[in-house]
2 protein chains.
Amino acid sequence: MASIQTVKGFRDFFPEECALRNYIFDTWRAVARRYGFVEYEGPVLESTDLFRKKSGDEITSQLFCFTTKGEDDVSLRPEVTPSLARMATARQRDFKKPMKWFQIGSCFRYEAPQEGRTREFVQFNADILGDASPATDAELIALAIDTVREFGVSTEDFAIRLSNREIWNTYLSEKNIPAEHTSTFLQIIDKIERAKPEDTENKLAAIGLSLTDVRAFMASADENHPAFAALRENLTARGLWQQVRIDATIVRGLAYYTGTVFEVFDLKHGLRAVAGGGRYDKLCSLMSDGKVDMPAAGFAMGDVVLGILLKKTPGAQMKLTSALLASSSIDAYVVVADEAQRGNALAAVQTLRAAGVRVDYSFGAQKVGKQFQAAEDRKARFAITFGTEYPEVVIKNLLARSQSTVPVDGLVAEVQRLLAEPALGPLIA
Amino acid sequence: MASIQTVKGFRDFFPEECALRNYIFDTWRAVARRYGFVEYEGPVLESTDLFRKKSGDEITSQLFCFTTKGEDDVSLRPEVTPSLARMATARQRDFKKPMKWFQIGSCFRYEAPQEGRTREFVQFNADILGDASPATDAELIALAIDTVREFGVSTEDFAIRLSNREIWNTYLSEKNIPAEHTSTFLQIIDKIERAKPEDTENKLAAIGLSLTDVRAFMASADENHPAFAALRENLTARGLWQQVRIDATIVRGLAYYTGTVFEVFDLKHGLRAVAGGGRYDKLCSLMSDGKVDMPAAGFAMGDVVLGILLKKTPGAQMKLTSALLASSSIDAYVVVADEAQRGNALAAVQTLRAAGVRVDYSFGAQKVGKQFQAAEDRKARFAITFGTEYPEVVIKNLLARSQSTVPVDGLVAEVQRLLAEPALGPLIA
């Protein structure tokens, strides 16, 4: 049998990639908690009907969908919002409003893999349910901004593209365009930056509009538009409004947005959107067959584009490097210089670990030099040598190159004291 | 369309269940790092051939397997070891030996759901590759013991059942039983505690053995058996050997174990095994078609049985409760007593969060009493009131019921100072 490969579009996380992934997850979680969000998680496998209900039958072309041995039609989730709507509407009476919920987990889409797009990716979803005010939209945009900044991406490196679906609804109604053309129109706007102007012109003409007029309207939709007034006041008070660019071309592909829509995008590398979201006031009602009518808004940020951005952005690289070092290093390496002391060394390893110290050691007899090399390889801060001096043991600071001798009974206390000092030790060693 | 349910055997993690899950993951991760393990992760979807290669064609009856739109035969992973073997053998030259690797992630098995068994569950896998010595087995058993203890499960509440496949190999060879009967024999032993004695008797007779003789041999396999000598010496040095019970009925279902095998089981509630593992020296060679011959050992611990055990064990409940409280509470709730101060309050919310303080507030105008109630509901430690006193703000300790007034410029420093104090504040408030 030939050697078996990772499934196309899926990822192996070797320790270094796993540390990057954990750093991203930890940062998402820390900022969301600071904002008072609580974490939930849905199943990665759902009834295919759940996704059809939200997005229509066409969605199945993008799904990893299959029939189980029990004849259930199921799919790996392509996004988390349908699960959130299912969960929140089923038990909404149990939770105070507004519900500020976040989630971190894998999603799956059967699309052609390319830069910034894998078939498996992790999303950070933050949603607020049960509050229809612009203050909710502002809270979400502020969270998106602070999340990106927390990674060390500076305010010069990214921006929020902001729009509001209502702007276009008003425009279409003023032009007396029938409601059945709305989704066609929004699809044209969604592609207006990439499509050929003559194609756009023709498509707009087919529904009774002109490109010149649409462009003029887009240019007029600036930050003074009343649709943005409350949001602007709120984000200005937080000192975050300068991060926002009004951009009426932002409609977000998904059909279900009803008001504010926004994207986070980088300003230097032309990457895909880092995050996107908006208000979707009708979804809970749709997903609960009208039983629960609850306003909602939220955004999703993926790990793939974000990961690329962090590696390309100098300020973010520094934070990333120190996080990766912290997760791969250990506190102490126990060196067994005299095999007669192995039992005592094991006892000390046990005691140190019980005190929360990260410790490694060699499983078998090895030359002392090789054990010190292993300590360096593991990026240990201290080497603790068990040799003929026992019950005295030698603690060597591998960064400061200083060392001291302590009785084994005082080892744990001394290691804890040393770990509480700055990593390079006292200036005069 | 009828309301859509969670897929059978899958789980919704509402905030409380998600907090339990995160507490379990965080604890697994902390103890593994203390032991010097580094984290990796594989994809949840793998080629079905990967699982066939390890376990044979019969495994597919337990798999969530399907064919993708691209005609790939894939499965949701039922366990992580095949992915580990695939990854480790593909890149083993890049890593120093022994490789001490751990992983935390979902697995999926198409089995009948029952107490302690769901179709989706999370495993903590800890494996050591590249070292064949009993010191490796001891390190893994110590890690399993310390992981369970870290949750507050006392040494009276659980034990390690230990055996070694070699014991039975020696026995079968002394009885001149042909090698082709080995797996049949191990299956009989695996079920010996639950099967009717007369059935076991008949099955043993069919391969030339008697139940009386097997039972006598089992009773003789105590901790003095040479197969356990090195492990015993090692775990005794760590003070952990008293946690171990020799039990020759432990063979572990999976066919691939080659030496030490063990299970973690609770002593009070008769639950399924909390964890299980052992040595599997031939698997890397099998999975790499003989290209990489690397000894290995490891164990897996699931979240479902462990979660039940934590809820049933008093010492574990206390740690669990305080972890759940810590993850659901916030540090401060900002009360807007005068709507004219909303902008200043939002600015303070932003500054506090930027300093790492977990803050929530009401999105719209509400009576002060209702805002204080929301602060209590969110388990905030402090309420910070923005009212007519501005630029002075009032900080109230909601546990100690004490309060103080500070100028808004000193707010962040004062909140940080207060948060560093014990949660109940000074004894005389």
Side-chain angles (χ1 to χ4, degrees), chain A residues 1 3-4 6-7 10-15 18 22 33-36 38-47 49-50 53 64 66 68-69 72 74 86-87 91 96 98 106 110 120 131 133 135-136 146 234 237-239 288-289 328 330 343 346-347 350 353 356 358-360 363-364 377-378, chain B residues 1 3-4 6-7 10-15 18 22 33-36 38-47 49-50 53 64 66 68-69 72 74 86-87 91 96 98 106 110 120 131 133 135-136 146 234 237-239 288-289 328 330 343 346-347 350 353 356 358-360 363-364 377-378:
Chain A
M1 211 185 268
S3 101
I4 296 167
T6 313
V7 175
F10 284 73
R11 298 178 288 173
D12 290 332
F13 294 89
F14 282 89
C18 193
N22 280 348
R33 286 185 179 163
R34 239 182 262 166
Y35 268 73
V38 294
E39 189 169 353
Y40 72 98
E41 173 61 304
V44 295
L45 200 75
E46 290 270 16
S47 291
D49 280 343
L50 186 76
K53 192 161 185 167
F64 281 91
F66 62 101
T68 66
K69 295 179 175 72
D72 292 319
V74 295
R86 176 179 61 67
M87 291 170 65
R91 279 191 46 194
K96 296 259 186 332
S106 290
Y110 195 84
E120 176 276 333
D131 189 298
S133 74
T136 295
D146 276 341
N234 187 307
R238 305 184 200 226
S288 67
D289 303 304
S328 66
I330 56 172
L346 282 172
Q350 179 69 29
R353 285 172 174 169
R358 292 172 302 164
V359 183
D360 211 350
F363 288 153
D377 292 341
R378 290 303 323 273
Chain B
M1 213 183 267
S3 101
I4 295 165
T6 312
V7 175
F10 283 72
R11 297 178 289 173
D12 290 333
F13 295 89
F14 283 89
C18 193
N22 280 349
R33 285 184 179 165
R34 241 181 261 165
Y35 268 73
V38 294
E39 188 168 353
Y40 72 99
E41 174 61 305
V44 296
L45 199 74
E46 289 270 17
S47 291
D49 280 343
L50 186 77
K53 191 160 185 167
F64 281 91
F66 61 101
T68 66
K69 295 178 175 74
D72 292 319
V74 296
R86 176 178 62 67
M87 290 170 66
R91 279 192 46 195
K96 295 256 186 331
S106 290
Y110 196 84
E120 175 276 333
D131 188 296
S133 75
T136 295
D146 277 341
N234 186 307
R238 304 184 201 227
S288 66
D289 304 303
S328 66
I330 55 173
L346 282 171
Q350 179 69 29
R353 286 172 174 169
R358 292 172 302 162
V359 182
D360 211 350
F363 288 154
D377 293 341
R378 290 303 322 273

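Remember, it's a predicted structure, so these values are computed and weren't measured experimentally. Quick note on labels: first sequence line is chain A, next is B, and so on, each numbered from 1.
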Exercise. OG1/B:Thr68 to CZ/A:Phe64 distance, rounded to the nearest 0.5 angstrom?
Worked result: 6.5 Å
Problem set entry | Distance (rounded to the nearest 0.5 Å) between B:Cys18 SG and A:Glu39 CD | 4.0 Å
For this session: Identify the two heavy atoms, one from B:Asp360 and one from A:Gly36, that lie closest to each other, and give their separation to 0.1 Å.
Result: OD2-O, 4.0 Å
Seminar exercise, completed: Rounded to the nearest 0.5 angstrom, the CZ-OH distance for B:Phe13 and A:Tyr40 is 13.5 Å
For this session: Mind checking the CD1-CG spacing from A:Ile4 to B:Asp49? Nearest 0.5 Å is all I need.
Result: 5.0 Å
For this session: Search all heavy atoms of B:Thr6 against all heavy atoms of A:Pro43 and return the closest pair with its distance.
Result: CG2-CG, 4.0 Å
Exercise. Should the pair A:Phe66 and B:Phe66 be assigned to parallel (<30°), tilted (30 to 60°) or perpendicular (>60°) ring geometry?
Worked result: parallel
Seminar exercise, completed: Comparing A:Leu45, A:Asp131, A:Ile330 against chain B, the one with the most heavy-atom pairs below 4.5 Å turns out to be A:Leu45
Problem set entry | Spatial distance of atom NZ (B:Lys96) from atom CZ (A:Arg378) [nearest 0.5 Å] | 11.0 Å
Problem set entry | Atom pair CZ/CZ of A:Arg34 and B:Arg358 - distance to nearest 0.5 Å | 10.5 Å
Exercise. Between B:Ala237 and A:Gly343, what is the shortest heavy-atom contact and its length?
Worked result: CB-O, 3.6 Å
Exercise. What are the two closest non-hydrogen atoms of B:Phe363 and A:Ser133, and how far apart are they?
Worked result: CB-OG, 4.2 Å
Exercise. Quick one: does NZ or CZ of B:Arg353 land under 6.0 Å from the six-membered ring centre of A:Tyr35, within 45 degrees of the ring axis?
Worked result: yes
For this session: Under the salt bridge (charged side-chain N to carboxylate O under 4.0 Å, His left out) rule, what do A:Asp12 and B:Arg86 come out as? Steps first, then yes or no, please.
Result: CA-CA 10 Å; A:Asp12 290 332; B:Arg86 176 178 62 67; 2.7 Å; yes
For this session: Return the minimal non-hydrogen interatomic distance between B:Pro15 and A:Val38, and the atom names on each side.
Result: CG-CG2, 3.9 Å
